[in-house]
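Each ligand, and each atom within it, is numbered from 1 in the order the structure gives.
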Amino acid sequence: MRIVVTGGAGFIGSALVRYLVNEAGAEVLTFDKLTYAGNLASLRAVEHAPNHRFLRADICDRQAVAAALNDFQPDRIYHLAAESHVDRSIDGSADFIQTNIVGTYTLIEAARHYWLGLDEARKASFRFLHVSTDEVYGSLEADGFFTEQTAYDPSSPYSASKAASDHLVMSWHRTYGFPAIISNCSNNYGPYHFPEKLIPLTILNALDGKPLPVYGNGSNVRDWLYVEDHARALHLIAGKGRLGEKYNVGGRNERRNIDVVEAICGILDRVRPAREPHANLIRFVTDRPGHDYRYAIDASRLESELGWRAQETFDTGIEKTVLWYLDNDWWWRPLREKVYSGERLGTAVGAG
Ligand code: NAD
């Protein structure tokens, strides 16, 4: 099985590549532009694997995509390359439109032409998995869940660009019969998560004794999914999912942001006690503009049709994650020092 993973040097992409190469025995080509969010250090565990190669290239570059597909001859493409941070999309949306919309268009057109040139047997088994987000559905109130039937209602430039890319992929299936499947997942967390996101930012600021910013009053709810559970789900969906369908992926782990931050503080108080409880560092800051109140995924289609179950609860996953950051400063310290050191993003002040 030969699989191209776009965005494979990112957070979820690298977890997927490590799983495919080290556990699923696939031949993998990681196709990644290496933006600020892409990091070859996240692929160290597959660096010397004979069944992995890396290509630095842009999904917006049609020729580069076509050449990579013709050369590598994949049986599947897992598409994760994206601009992924909501706050950055508020500060400047151009890269989000370019990569998430134009890039996805460029990739599926190149992939469609590649697919058309395959022999009948390979054409029939070829799969394109488009990895998207539950943020396309907008915001929930205190009750209810997102299902695959929930109407799209995105709030941020990021989620709007992902919604657009989902529509393109689905239309390529309906119009051209292109063998695509879409997955929409909730917030991921785990090892190798870029330190701009809530969980790694909280862990690393707490270790440094710096303030722990919590947006608004901390009551916004996210449904947390351990990244390695997600990687297994993606490979399963691509292998067994129905073409032209969507699958929601979520860990059934709803938590308020303030509860997440307090859970991290509690673990650190136990394993790395400081003079004061880490929770004393919590600071409530101005809310994110357009901040969705609550996301919660109904993953029953994935569970009942394909037999997937999350292996981690939030309590086990967050413990593993905190311990991973404590043990792996070789990975995050260069990012904190050179790429992003924790400044506030996404206030919409001076957005360009
Ligand atoms: P990430 O930002 O960590 O990684 C994105 C990767 O894409 C990086 O390695 C980057 O270099 C690469 N990339 C960006 N632009 C590119 C381009 N033009 N060409 C080639 N490569 C490019 O993102 P992530 O958190 O791993 O998310 C992966 C996918 O999952 C994204 O499509 C995202 O929308 C989706 N998703 C993420 C979450 C989450 O909680 N992280 C939740 C739902 C959906």
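- Ligand 1 is never approached by Gly8 to a heavy-atom distance shorter than 4.0 Å.
- Heavy-atom distances between Gly103 and ligand 1 stay at or above 4.0 Å for every pair.
- Checking Gly10, Gly38, Ala82 against atom 14 (C) of ligand 1, the nearest heavy atom belongs to Ala82.
- You'll find the ring centres of Tyr152 and His167 inside the 6.0 Å limit.
- Seen from the ring of Phe145, Arg252 does not count as a face-on cation partner, given the 6.0 Å and 45° thresholds.
- Taking 4.0 Å as the cut-off, Ser14 does not count as a neighbour of ligand 1 on heavy-atom distance.
- Ring centers of Phe314 and Tyr226: at least 6.0 Å apart, outside the cut-off.
- Among all protein heavy atoms, the one lying closest to atom 2 (O) of ligand 1 is Ser84 OG, 2.7 Å.
- The closest approach between any non-hydrogen atom of Ala15 and ligand 1 is not below 4.0 Å.
- Ligand 1 has Asp32 within reach: a non-hydrogen atom of the residue lies less than 4.0 Å from it.
- Counting protein heavy atoms only, atom 33 (C) of ligand 1 is closest to Tyr158 OH, 3.5 Å.
- Distances from atom 37 (C) of ligand 1 to the heavy atoms of Asn39, Val249, Ile12 show the closest one on Ile12.
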